[in-house]
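The structure appears below as structure tokens.
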Amino acid sequence: MRSVTKGQVEISFSSDISYLELVQDVSDHIARLVGLDAESQYWIGLSLRESVTNAIQHGNQLDPTKLVVLRFDIQEDRLVITVRDQGEGVDEDQLPDPLDPENLLKPGGRGIFFVRSFMDKVSFRKSAEGHEVIMEKRLNHKNQGDENDD
Amino acid sequence: MRSVTKGQVEISFSSDISYLELVQDVSDHIARLVGLDAESQYWIGLSLRESVTNAIQHGNQLDPTKLVVLRFDIQEDRLVITVRDQGEGVDEDQLPDPLDPENLLKPGGRGIFFVRSFMDKVSFRKSAEGHEVIMEKRLNHKNQGDENDD
Amino acid sequence: MTIETRTANGVTILDIHGKITIGEGSAEIRNRVRDLLQADRKNILLNLGDVSYVDSSGIGELVSSYTTVTNQGGQLKLLNLTKKLRELLAITKLLTVFDTFDDEQEAIESFR
Amino acid sequence: MTIETRTANGVTILDIHGKITIGEGSAEIRNRVRDLLQADRKNILLNLGDVSYVDSSGIGELVSSYTTVTNQGGQLKLLNLTKKLRELLAITKLLTVFDTFDDEQEAIESFR
Ligand SMILES: Nc1ncnc2c1ncn2[C@@H]1O[C@H](COP(=O)(O)OP(=O)(O)O)[C@@H](O)[C@H]1O
Ligand SMILES: Nc1ncnc2c1ncn2[C@@H]1O[C@H](COP(=O)(O)OP(=O)(O)O)[C@@H](O)[C@H]1O
């Protein structure tokens, strides 16, 4: 059941890994408010967790005085999630492919790959306020279940 | 167990009652991060819910284009929570006392009373950005339990 | 919130489940009570044992249901308060207004 | 995350509970594995049936444990993948790297 069809939620926090579970709680909650089923909630939560981990680690380099800003734009037909950090951003074209045989056994480099696998559209943007990852999930009958939103 | 001793989390959302449960989730989560026990978590969550309900209803008069901003300031010895709306604010001295016999059977007027009962310090402030309720909870051995923070 | 209705010895018992809060259609209790009064069922017992959360709106809802019933010469009493609800009613001095019970049989008999 | 250790037929089984994520000290598995290798216990089975969550760091943790063990001439295999973890290993092509099992007995015998 969908209880919000339009709206905006923004949350910002210090660059501290301790807030990752909070991010996931908020993500799950909003995914539920827009009527997404449990499966979609899960993969959106994971994508968000990866992007926020990157923002804290790579973007803000664990500097606790720097903030991560998370924005949920709830629209009729899509949920747009933006993660902003105060870093220099990432060069999309330079990202190594984690499926390349020479990268297969590397310990890292799968975060953005997960985000791209589970969201419908992913883009990166440099702005005056910092670096942003913009992730979109389309809302449609396929991913909207009949679950209780408690 | 306390996992955050210093930090800031800010969350803003459209004036829609649908976000109350989200507010409560976030509140519970942060109260847990600062090591508050389940009992304190509960009453802080209720206080916050009351203040946010007021911000949505009385402050922003349910106008969905107006935002409510919630800020959690995590300090060593206290948690300070601020709820800001875009309204005219409330005149503290004019608030009817819900315990007055003539008010006892009124349906409303107990929200701020609850906030004052459960938080250690409550104040109201008018600023350029809007009206704020500032609520403080002291952190000490009495209200910090040994609970798992999952 | 969901409400189930049953009757015992001329007393209508409303078993209330879930949250009595502003988001959860708290007017439902008041509406249900009004329907009962129209059907001339004036002895009403609210069983709150399965209520998971109450905010100040919910307290207001209980109070308006109480005054509506009392004004029509009926009686509204409360059964199975949770610890937290009892605390809210205590600090608002409403424990002195409501008749409250922890035993259903005792509550039902009190209406005689 | 918590890890319990047991042994069966020369295979060390690590029962892993909870989350394998960046926040949850995901280096714990790697450290435990290193200790085992130092004690010359080179047949290692990770039982992941009670793992509630894995992120990309957690996947990285499994991979580095795997390469560490393999480089020292040992074997590291996975038991009881959850549906979600299996999906993550599938899309990262790591299912082709890891030996995985749903039956503990079968997994233990595979080390012979
Ligand atoms: N927000 C960010 N700011 C700066 N660099 C980033 C950001 N996110 C990702 N990167 C860069 O892209 C690389 C790949 O990221 P990712 O796929 O998440 O894997 P990992 O974080 O494990 O390296 C990172 O190693 C980092 O160099
Ligand atoms: N954020 C706010 N902005 C404007 N007025 C407010 C605000 N919060 C409270 N008030 C005023 O104070 C009164 C008392 O609030 P409260 O104790 O929460 O009870 P209730 O909301 O049930 O009336 C409200 O009726 C309203 O007039």
Side-chain angles (χ1 to χ4, degrees), chain A residues 1-36 41 45 48-49 52 55-56 60 62-76 79-84 86 147-150, chain B residues 1-36 41 45 48-49 52 55-56 60 62-76 79-84 86 147-150:
Chain A
M1 220 185 56
R2 182 165 185 178
S3 52
V4 175
T5 51
K6 199 171 158 34
Q8 208 193 80
V9 175
E10 190 171 294
I11 174 162
S12 64
F13 46 89
S14 333
S15 296
D16 183 334
I17 291 289
S18 305
Y19 295 118
L20 276 179
E21 301 301 319
L22 174 64
V23 165
Q24 196 143 13
D25 274 5
V26 171
S27 170
D28 286 352
H29 197 107
I30 291 177
R32 216 157 54 224
L33 281 180
V34 302
L36 284 162
Q41 277 172 42
L48 202 47
R49 178 184 258 275
V52 169
I56 294 175
N60 292 345
L62 293 161
D63 177 346
T65 66
K66 292 189 173 165
L67 292 179
V68 175
V69 183
L70 203 63
R71 193 172 63 241
F72 297 83
D73 271 304
I74 301 169
Q75 302 175 15
E76 188 69 49
L79 174 63
V80 183
I81 310 177
T82 308
V83 178
R84 191 168 77 222
Q86 296 176 247
E147 291 181 299
N148 295 329
D149 56 349
D150 75 16
Chain B
M1 220 186 56
R2 183 165 187 179
S3 51
V4 176
T5 51
K6 196 168 161 38
Q8 209 193 78
V9 176
E10 191 171 292
I11 175 163
S12 64
F13 46 90
S14 332
S15 297
D16 183 334
I17 290 290
S18 305
Y19 295 119
L20 276 180
E21 302 301 320
L22 174 64
V23 165
Q24 197 143 14
D25 275 4
V26 171
S27 169
D28 286 352
H29 196 107
I30 291 176
R32 217 158 52 224
L33 281 180
V34 301
L36 284 161
Q41 278 172 40
L48 201 47
R49 178 183 258 275
V52 170
I56 293 174
N60 292 345
L62 294 162
D63 177 346
T65 67
K66 292 189 173 163
L67 293 179
V68 175
V69 182
L70 203 63
R71 194 173 59 240
F72 296 83
D73 271 304
I74 301 170
Q75 302 174 16
E76 187 70 48
L79 174 63
V80 183
I81 309 176
T82 308
V83 178
R84 190 168 79 222
Q86 296 177 246
E147 290 182 298
N148 297 329
D149 56 348
D150 78 15

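By convention in this document, chain letters (A, B, ...) are assigned in the order of the sequence lines, proteins followed by strands, and residues within each chain are numbered from 1.
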Practice item. Could you please state which residues from residues 7-15 of chain A sit under 4.5 angstrom from chain B, measuring non-hydrogen atom to non-hydrogen atom, sorted by number, or 'none'? Key: A/Gly7, A/Gln8, A/Val9, A/Glu10, A/Ile11, A/Ser12, A/Phe13, A/Ser14

Review point. Among all residues two or more places apart in sequence or in another chain, which pass the side-chain hydrogen bond (donor to acceptor under 3.5 Å, both in side chains) test with A/Arg84?
Key: none

Study note, to complete from the structure: Between the CG atom in B/Leu22 and the CZ atom in A/Phe72, the distance rounded to the nearest 0.5 Å is 8.5 Å

Practice item. Please examine the side chains of A/Arg49 and A/Val23, heavy atoms only from C-beta on, and report whether any two atoms are closer than 4.5 Å. Key: no

Check your understanding: Which bit of B/Ile74 comes within less than 4.5 Å of chain A, counting heavy atoms only: side chain, backbone, both or neither?
Key -> side chain

**Study point:** Proximity breakdown for B/Val4 and chain A, heavy-atom pairs closer than 4.5 Å
**Key:** side chain

Shortest non-hydrogen contact between [X] and [Y], atoms and distance:
X       : Y       : result
A/His29 : B/Asp25 : ND1-OD2, 2.8 Å
A/Leu36 : A/Gln41 : O-NE2, 3.1 Å
B/Asp16 : B/Ile56 : O-CD1, 3.7 Å

**Study point:** Structural part of A/Leu70 lying under 4.5 Å from a heavy atom of chain B
**Key:** neither

Review point. Does the side-chain contact (heavy atoms from CB on, under 4.5 Å) test come out yes or no for A/Tyr19 and B/Leu33, once each step is laid out?
Key: CA-CA 9 Å; A/Tyr19 295 118; B/Leu33 281 180; 3.7 Å; yes

